[in-house]
**Q** 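Have a look at this one before I ask anything.
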Amino acid sequence: MEIQFTVAIVGGTGNLGGALAVRLGASGVKIIIGSRDAEKAKQAVETLKPSLRGGEIEGMTNPAAVKGADFVVIAVPYEGHAQMITDLKGQLAGKIVIDTVVPLNKGKPFVPPAGSALQEAQQILDGEAPVVGALHNVSAVDLSDLDAPLGDVLVCADNAEAKEKVTEIIKRIGARAFDGGPAGNAYVIEGLTGVIIYLNRKYKSKHGSIKIVGIGD
Ligand SMILES: NC(=O)c1ccc[n+]([C@@H]2O[C@H](COP(=O)([O-])OP(=O)(O)OC[C@H]3O[C@@H](n4cnc5c(N)ncnc54)[C@H](OP(=O)(O)O)[C@@H]3O)[C@@H](O)[C@H]2O)c1
């Protein structure tokens, strides 16, 4: 399959990042797994390789990973979010940032001072690159299983062109993607994950996700 673009996954050694790499690989994308530790990134790549059905994959430090990327997925816990965006600032011009981060404290959602994680990234980057929120409500367990059906994805951003491009990527990985509105909607979409975490615990599941009905059926 022809490689058309490169996606760096910052925090790609984690649950969501690894699962996303499997899905992106199947769609023929080049993936760069980023980590705070280059060796950990390389090990993650070796672990992921047997699950990849296509694409190319490499592992390196987060700053090195974003260098050659067209899209930069932020997949770190909220505790490291602001610092990570701050550290990457200056290297993101010409790229699209995909923010998956949910502000959680011990599994419970909260609204951060900027209004949402997405808006926090926007504030820090100050126009250097568009930030698009996506994938908050999917299950990493389902994402890592190419045969599992995925929940729907709400994609939100202030930059319409970037939002459209990210929507296309989400469709390539096998999910239905919907325009979730501007960045101002992100706190709702991010917070919904807190409810999904509650549901997963209550009903003993790892597959909780959302489905939009009545639109695009
Ligand atoms: N898991 C899901 O199902 C899911 C679904 C939707 C959205 N999300 C969101 O996706 C993000 C990642 O979730 P996850 O479950 O993949 O998290 P995770 O496995 O706990 O962490 C992901 C990676 O982030 C890096 N990291 C950890 N703490 C950090 C810090 N303080 N600063 C910088 N980097 C740090 C680690 O990589 P290195 O040690 O290699 O640097 C780690 O492997 C979260 O914000 C979460 O809310 C998760």
Side-chain angles (χ1 to χ4, degrees), residues 7-24 31-48 57-66 72-89 97-112 114 116-121 124 131-145 148 150-156 166 169-170 173 175 177 180 186-201 205-210:
V7 180
I9 307 178
V10 171
T13 55
N15 295 320
L16 184 72
L20 181 61
V22 171
R23 289 274 175 170
L24 286 169
I31 304 138
I32 311 178
I33 296 290
S35 168
R36 291 168 293 180
D37 173 353
E39 206 43 51
K40 189 174 168 188
K42 287 186 172 68
Q43 279 169 16
V45 165
E46 291 314 310
T47 307
L48 286 168
I57 188 161
E58 282 184 82
M60 52 193 80
T61 62
N62 291 315
V66 306
V72 175
V73 177
I74 307 297
V76 299
Y78 179 73
E79 304 86 86
H81 178 257
Q83 189 60 53
M84 185 58 72
I85 302 287
T86 304
D87 292 348
L88 295 176
K89 190 177 178 185
V97 176
I98 305 175
D99 203 324
T100 70
V101 173
V102 176
L104 292 169
N105 184 3
K106 298 190 178 106
K108 297 202 173 89
F110 66 94
V111 178
S116 61
L118 189 161
Q119 289 164 304
E120 184 176 275
I124 294 168
V131 185
V132 180
L135 294 166
H136 307 94
N137 309 135
V138 297
S139 151
V141 171
D142 291 345
L143 207 56
S144 66
D145 176 357
L150 292 176
D152 293 340
V153 176
L154 296 172
V155 184
C156 62
V166 173
I169 294 182
I170 301 301
I173 65 170
Y187 77 99
V188 180
I189 300 168
E190 293 173 7
L192 197 49
T193 303
V195 180
I196 294 171
I197 291 169
Y198 174 84
L199 289 168
N200 277 336
R201 284 186 186 149
S205 174
K206 291 181 176 169
H207 310 281
S209 49
I210 63 160

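Numbering of ligands and ligand atoms starts at 1, following listing order. Just so we're clear, the structure is a prediction, and the values are computed from it rather than from any experiment.
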**Q** Applying ring-ring contact (aromatic ring centres under 6.0 Å, His included), can you list everything that pairs with Tyr198, at least two apart in sequence or on another chain?
**A** none
**Q** Given a heavy-atom cut-off of 4.0 Å, could you list the residues near ligand 1 in chain and number order?
**A**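 Its neighbours under 4.0 Å (heavy atoms only) are Gly11, Thr13, Gly14, Asn15, Leu16, Ser35, Arg36, Lys40, Ala75, Val76, Pro77, Gly80, Met84, Thr100, Val101, Val102, Leu135, His136, Val138, Ala140, given by chain and number.
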**Q** Please list every donor-acceptor pair under 3.5 Å in which a side-chain atom of residues 7-15 meets a protein atom from a residue at least two apart or in another chain.
**A**
none

**Q** Tell me every residue that passes side-chain hydrogen bond (donor to acceptor under 3.5 Å, both in side chains) with Glu58, counting only those two or more places apart in sequence or in another chain.
**A**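 Partners of Glu58 by the side-chain hydrogen bond (donor to acceptor under 3.5 Å, both in side chains) criterion, ordered by chain and then number, come out as Lys30.
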**Q** Please determine which of Val73, Leu118, Ile170, Val155 meets the side chain to side chain contact (heavy atoms under 4.5 Å, CB included) test together with Val132.
**A** Val155
**Q** Could you check Asn137 against Ser209 for side-chain hydrogen bond (donor to acceptor under 3.5 Å, both in side chains), going step by step and ending with a plain yes or no?
**A** CA-CA 6 Å; Asn137 309 135; Ser209 49; over 6 Å; no
**Q** State whether the side chain of Asn62 and the backbone N or O of Ser35 hold a donor-acceptor pair below 3.5 Å, judged by distance alone.
**A**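 Yes; at least one donor-acceptor contact below 3.5 Å.
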